[in-house]
Amino acid sequence: MARRTTQRALLLLTAVVASLVGGSSAGVYHIIGAGKGWRMPPNKTYYEEWASTRNISIGDKLMFLYRSGVYNIVEVPSRELFDACSMRNITNRYQRGPTIIELTEPGTRYYFCGVGEHCEVGQKVAIKVCAVASPPPDEPSAAAVLMLRPAGIAACCLVAAALLLMAM
Ligand SMILES: *[C@@H]1O[C@H](CO)[C@@H](O)[C@H](O)[C@H]1NC(C)=O
Ligand SMILES: *[C@@H]1O[C@H](CO)[C@@H](O)[C@H](O)[C@H]1NC(C)=O
Ligand SMILES: *[C@@H]1O[C@H](CO)[C@@H](O)[C@H](O)[C@H]1NC(C)=O
């Protein structure tokens with residue numbers, strides 16, 4: 001019984017780690033800007049470079065980690081408004097961090113920080129959402145597990161070892 005519970009916990013854990021590390025299985029949480037979170041970036045292309053390393057699909061979630069009152073998120077409907085950092089036509093606004101946004105349709109979503117000149121210095125990100133069917137969320141797929149990269153496997157082993165110790 002305990003063993004089965006542990007195995008199930010391990011499977012779920014593996015799926016979570018695969019999601020965080022793999023970057024292209026469905027139902028993935030994408031932490032915007034990775035370790036930097038959502039803030040004034042070190043350079044203008046920081047978030048663009050981050051986004052270019054991710055495969056983001058329908059069913060995935062964007063996680064914006066930021067301090068409320070210091071940063072916010074506005075969504076605009078077009079590339080023109082995004083490029084111009086224009087808040088003339090905002091479709092969504094979030095101001096209490098952390099913010100999790102679930103992506104439910106394909107296409108490109110445009111987000112930037114509406115505080116001061118933050119957008120002008122590069123606190124902006126365009127997210128291309130691909131149309132890919134998601135597997136059921138509670139059944140970690142073999143593909144998700146195979147997606148693990150070496151760093152992910154190491155992290156997973158560490159946590160798995162901790163879990164096993166707790167189960168003993
Ligand atoms: C922007 O900053 C990131 C993180 O410091 C760095 O990896 C990247 O090379 C920089 N890009 C440019 C164009 O300077
Ligand atoms: C994104 O998907 C493409 C095509 O499936 C693949 O070649 C690429 O390696 C993936 N990139 C990442 C970061 O997972
Ligand atoms: C403002 O956004 C709405 C909703 O996306 C869109 O229908 C409308 O055309 C936009 N107007 C301008 C001026 O961009």
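Side chains included, hydrogens not; waters and symmetry mates left out as well; all remaining heavy atoms used. If you're wondering where the values come from, they're calculated on a predicted model, not measured in any experiment. One-based numbering, in listed order, for ligands and for the atoms of each.
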> Which heavy atom of the protein is the closest neighbour of atom 5 (O) of ligand 1, given with residue, atom name and distance?
Replying inline: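 Looking at atom 5 (O) of ligand 1, the protein heavy atom closest to it is P42 CG, 3.8 Å.
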> Under the criterion ring pair (Phe, Tyr, Trp, His ring centres under 6.0 Å), which of Y94, Y71, Y111, Y47 is the partner of W38?
Replying inline: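 Going through Y94, Y71, Y111, Y47 one by one, the ring pair (Phe, Tyr, Trp, His ring centres under 6.0 Å) with W38 is satisfied by Y47 alone.
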> If only atom types and distance count, is the side chain of T45 paired as donor or acceptor with the main-chain N or O of E48 below 3.5 Å?
Replying inline: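 Such a contact is absent between T45 side chain and E48 backbone.
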> Polar-atom distance check: E49 versus ligand 1, any N or O pair below 3.5 Å?
Replying inline: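 Yes: some nitrogen or oxygen of E49 is under 3.5 Å from one in ligand 1.
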>> Show the atoms of ligand 1 that are less than 4.0 angstrom away from any heavy atom in N43.
In response: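 Once the distances to N43 are compared, the set is 1 (C), 2 (O), 3 (C), 8 (C), 10 (C), 11 (N), 12 (C), 14 (O).
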> Rounded to the nearest 0.5 Å, how far does CZ of R67 lie from CG of N72?
Replying inline: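 Answer rounded to 0.5 Å: 14.0 Å.
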> Under 2.5 Å between the SG atoms of C113 and C119?
Replying inline: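 Their SG atoms do not fall under 2.5 Å; no disulfide, then.
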